[in-house]
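Throughout, a chain's letter reflects where its sequence line sits, starting with A, and its residues are numbered from 1. Values in this document were obtained by computation on a predicted structure and should not be read as measured data.
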Amino acid sequence: MRYFELFGLTPSYQIDLALLNTHYLELQRAVHPDKFAGKSEREKLLAVQKTAEINDALATLKHPVKRAEYILSEKGVDIRAEQQTLQDPAFLMEQMELREALAELPSARDPEAAVEEFEDQIKVLDRKYSQSLAQLLSANDIESLNTAADNIRKLKFVYKLRDELSRIEDTLFD
Amino acid sequence: MAYSNKVIDHVENPRNVGSFDKNDPSVATGMVGAPACGDVMKLQIKVSESGVIEDAKFKTYGCGSAIASSSLVTEWVKGKTLDQASEIKNTDISAELELPPVKIHCSILAEDAIKAAIADYKSKHAK
């Protein structure tokens, strides 16, 4: 898998983020435009393209959901541009209730405590859908990959909750 | 991104927001979500004994286009039979609301929500 190879990492959902960052900085230095000041236009262009690729790879591997989607797509199940809807009534009902709770959070008696409590709920959900991803994404059978895809889709809703929470936090405490 | 006037109208004055009692046998619920943006939509219909949708309500957590799509659909389904309502296409919704291509999934969400509600009604009344 090209993005992992770029940084000399073993393709896996579980990655060493510190190592990723170290290798990123090394690569970035190697292709920095300053180093190509006296070189030909073609070499300059290649360096710029390489920089763009390194940045794309970093952004993909750093983000847990994007990393998972990338591995999945490399295994032949690409869900990154899909427009199909999720229809899991129990999961969606829970999401609906969480979004309702989130909307009422600013009027809680102790908003700070309510935010903390909500963060804990998000952590539990995050763990629920990401804990088996490393194993599922290392498999090659379609059943495991489809289960991984389902978990990733649900994880996206959990990340949405997290985004919404930090948006509310910004309005509450700034 | 600029919303069309129709989207803005639905966002500022959403029609039929709310919930019915889900234990009412004439009520059916469709729940759908869009993983791409994390939007969640609940659409409920109240169906008469002759199979006509008498009333509809929605609750949507999402962007303006998702809210407008569900609001519009609750207006459209009223007075329709279940079969007529199941013929509503996302392309009708996106055309009416002048949704840009990146927001087409919001109209798909609304189409799937009405289909899910109809399926829920049919499974409730299958016995």
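- Looking only at heavy-atom pairs under 4.5 Å with chain B, the residue among A:Met93, A:Glu164, A:Gln83 that has the most is A:Gln83.
- Ranked by heavy-atom pairs under 4.5 Å with chain B, the first of A:Met96, A:Glu82, A:Gln95 is A:Met96.
- Two residues are said to be in side-chain contact when any heavy atoms from C-beta on lie closer than 4.5 Å; A:Ile79 and A:Arg153 meet this criterion.
- Side-chain contact between A:Tyr24 and A:Leu61 is absent, with no heavy-atom pair separated by less than 4.5 Å.
- Judged purely by distance below 3.5 Å, without hydrogens or angles, the side chains of B:Ser50 and B:Ser48 pair a donor atom with an acceptor atom.
- Only the backbone of A:Gln84 has a heavy atom closer than 4.5 Å to any heavy atom of chain B.
- Chosen from A:Lys154, A:Arg99, A:Glu100, the residue pairing most often with chain B at heavy-atom distances under 4.5 Å is A:Arg99.
- A:Ser144 approaches A:Leu136 most closely through the heavy-atom pair O-CD2, 3.7 Å.
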